[in-house]
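Comments concern the structure below.
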Amino acid sequence: MRYQREGSQAIAQAVALCRPEVMACYPISPQTHIVEALSRMVKAGEIGSCQFLNVESEFAALSVLIGASAMGARAYTATTSQGLLFMAEAVYNAAGLGLPIVMTIANRALSAPINIWNDHSDSMALRDAGWIQLFAEDGQEAADLHIQAFRLAEELSCPVMVCVDGYILTHAYEPVDLPSQTEVDAYLPPYEPVFVLDPADPISIGAMVGPEAYPEVRYLAHHKHLRALDMIPRLQQEFATSIGRTSGGLLHSYRTEEAHTIVVALGSVNGTIKEAVDELRAEGMAVGAVKLCAYRPFPSQALRHAVEQAERVIVVEKDLSVGKGGIVSSEVKMALHGLPTVVDTVIAGLGGRAITQASLVRMIKAACEEGLEEPHFLDLNWEVVNNELARQQETRRSGSTPENVLREVGPFGVRVQ
Amino acid sequence: MLQVRIHGRGGQGVVTAAELLSIAVFLDGKYALAFPSFGSERTGAPVAAFCRIADRPIRTREPVIHPDVVIVQDSTLLYHVDVFGGLHPEGYLIINSSRTAPELGIEERCASLPDGHWCIFPATEIALKHLHRPVPNSALLAGFAALTQSVSLSSILRAIQERFPGALGTQNMEVAKEAFGVVRERLGRTDSTAAGEPLAAPA
């Protein structure tokens with residue numbers, strides 16, 4: 001049934017349809033409306049015998065779920081930003097133990113400087129932890145990906161993060177079509193664990209693994225992700241057949257036919273990118289876009305296939321590897337190794353800076369006409385940057401950079417953009 | 001596509017207004033995407049929220065930079081936030097105030113818009129009368145419906161009722177109905193197509 005819903009509420013309803021059995025959440029900021037809604041549903045008895053635990057930290061939240069999942073329960077939580085960093089150790093453990101926990105990441109920037117707005121720094125920081133990472137473009141895909149995520153996690157015995165742009169998707173009201181309980185039950189069978197902690201039949205997990213076996217265990221974790229590369233499109237197909245939407249999969253191409261330039265991005269910015277592509281196509285420029293839905297495993301082959309005819313690939317990414325530049329673009333370059341394709345890195349939207357269609361169009365034209373510096377920072381205020389660099393040059397006691405920059409740009413909220 | 005930007009202060013319900021508008025549009029069978037400007041969350045700080053209305057799915061996620069409609073919940077913002085920024089020359093303007101355009105010092109700005117495209121009316125006073133609380137949202141949304149005819153009053157009322165069940169909803173619906181009448185009267189509209197066919201967005 002179609003509703004006009006806040007992204008977070010739609011995700012909560014989708015998670016509830018998946019019949020989770022244990023949810024553990026740390027209920028203060030940074031948190032989302034998702035767990036708030038789920039806690040209400042659990043209290044009202046709307047999610048069967050699901051247990052909802054208020055814990056003392058994000059670290060505890062995921063640790064509780066590790067225990068619950070090892071006991072054979074379908075387990076879920078949501079976090080964001082500093083919350084994800086605080087649970088980092090448990091994030092690696094959940095993956096290392098092969099526990100199919102599903103976790104929503106409402107993508108937000110990391111501190112310092114303190115910033116609560118959207119970018120992809122948080123999930124990027126944990127990209128190598130062994131979790132599958134799927135990115136949603138809109139509220140509909142965010143809801144659908146959660147249903148696919150439980151299925152994928154449990155078939156593979158591997159945890160999955162569903163990455164949803166904080167605020168841009170979690171706080172947006174848009175139409176979302178939610179499947180019925182019957183449809184979800186048909187798509188997502190009850191969890192059948194590959195091992196279970198049972199006092200009546202004791203086993204141990206989390207053993208010390210020395211150099212004699214550690215590389216093999218790690219390879220097997222990698223192998224699981226290689227299997228996911230086949231499984232993700234299959235589960236997308238099944239979802240499309242039974243529920244009727246093509247959400248998910250490894251990637252989605254948009255107007256890439258005969259495109260000499262293709263923009264690659266993760267998440268909600270793909271909506272604005274599609275508008276920019278339409279604008280440029282109307283002007284006669286052969287531009288297309290590829291949305292990466294699966295980021296871990298990284299769909300190197302599928303991406304290569306999707307963009308190999310293009311002369312130029314522009315990776316628009318909401319993250320920054322300080323001292324290096326682009327994270328996603330580095331991986332795109334590896335995927336395109338041996339091809340003559342030019343790959344540009346565009347760092348955009350950090351800390352919630354709006355990514356506008358006009359800026360995207362301007363940047364794509366500049367890339368095609370004169371090329372971009374590497375990496376290119378979209379809409380960076382160079383005057384502010386250069387003034388701060390000059391201050392630092394002038395005097396040793398130049399002060400704290402964030403405060404200096406803030407003083408220069410003036411009070412927040414007065415400008416519309 | 002009709003692009004709406006709502007300005008207010010933290011705590012006045014700017015975000016709720018955009019959300020309710022999107023629900024009403026959805027109930028009318030059209031597409032809407034509403035989202036806040038993600039500004040600072042302090043009570044009283046200037047905040048904005050956006051709602052796009054269209055006949056097809058909305059993909060863009062950029063803030064509304066060139067609004068077709070600007071709604072101002074708090075007229076004190078007129079003097080230190082560029083609330084008119086990017087407003088379409090044939091756009092619409094709704095301001096919550098018991099004062100007139102000359103008293104607010106925006107006579108020229110209002111005169112630059114086509115006739116019947118702006119309305120300054122005391123939404124807070126209407127809310128106080130029925131709700132005994134200074135929350136102008138329901139009045140402004142009904143004013144939006146009366147001025148732009150891009151959403152029906154009945155859907156605004158339904159969205160209010162769904163969001164605020166019980167007496168609070170009923171009182172808010174009274175606020176909306178009165179505001180709808182006030183704005184129509186000011187515009188000199190007496191036709192019966194109160195909640196009728198939506199007008200096209202300015203080109």
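What you see is a predicted model; the values in this text were computed from it and never measured. Here is how names work: the chains are called A, B, and so on, in the same order as the sequence lines, proteins then strands, and each is numbered from 1.
- Surrounding CZ of B:Arg158 are at most 12 heavy atoms belonging to other residues, nucleotides or ligands under 6.0 Å away.
- Shortest non-hydrogen contact noted between A:Pro175 and B:Ala32 is CD-O, 3.6 Å.
- Only the side chain of A:Asp278 comes within contact range of chain B, with heavy atoms under 4.5 Å apart.
- In this structure, B:Glu108 places its CD atom where only 12 or fewer heavy-atom neighbours from other residues, nucleotides or ligands lie under 6.0 Å away.
- Taken from CD in A:Glu174 to CZ in B:Arg52, the straight-line distance is 12.0 Å, to the nearest 0.5 Å.
- Interatomic distance, A:Gln4 CD to B:Tyr31 OH, rounded to the nearest 0.5 Å: 11.0 Å.
- Counting heavy-atom neighbours within 6.0 Å of B:Arg133 CZ, excluding the residue itself, gives a total of 12 or less.
- In terms of heavy-atom pairs under 4.5 Å with chain A, the best-connected choice from B:Val25, B:Leu27, B:Thr60, B:Val15 is B:Thr60.
- When side chains are defined from C-beta on, A:Tyr167 does not count as touching B:Pro36, because their heavy atoms never get closer than 4.5 Å.
- Counted within 6.0 Å of CD on A:Glu383, heavy atoms from surrounding residues, nucleotides or ligands total 12 or fewer; the atom is thus considered open.
- Smallest separation of non-hydrogen atoms from A:Ile355 and B:Glu62: O-CB, 3.8 Å.
- Residue A:Tyr254 comes nearest to B:Arg59 through the heavy atom pair OH-NH1, 3.0 Å, listed as atom of the first residue, atom of the second, then distance.
- B:Arg61 and A:Asp138 make their closest contact through NH2-CB, 3.1 Å (heavy atoms, listed as atom of the first residue, atom of the second, distance).
- Of all the listed residues (A:Ala172, A:Ala358, A:Ser359, A:Gly7), the one sharing the greatest number of non-hydrogen pairs under 4.5 Å with chain B is A:Ala172.
- For A:Arg5, no part sits under 4.5 Å from any heavy atom of chain B, backbone or side chain.
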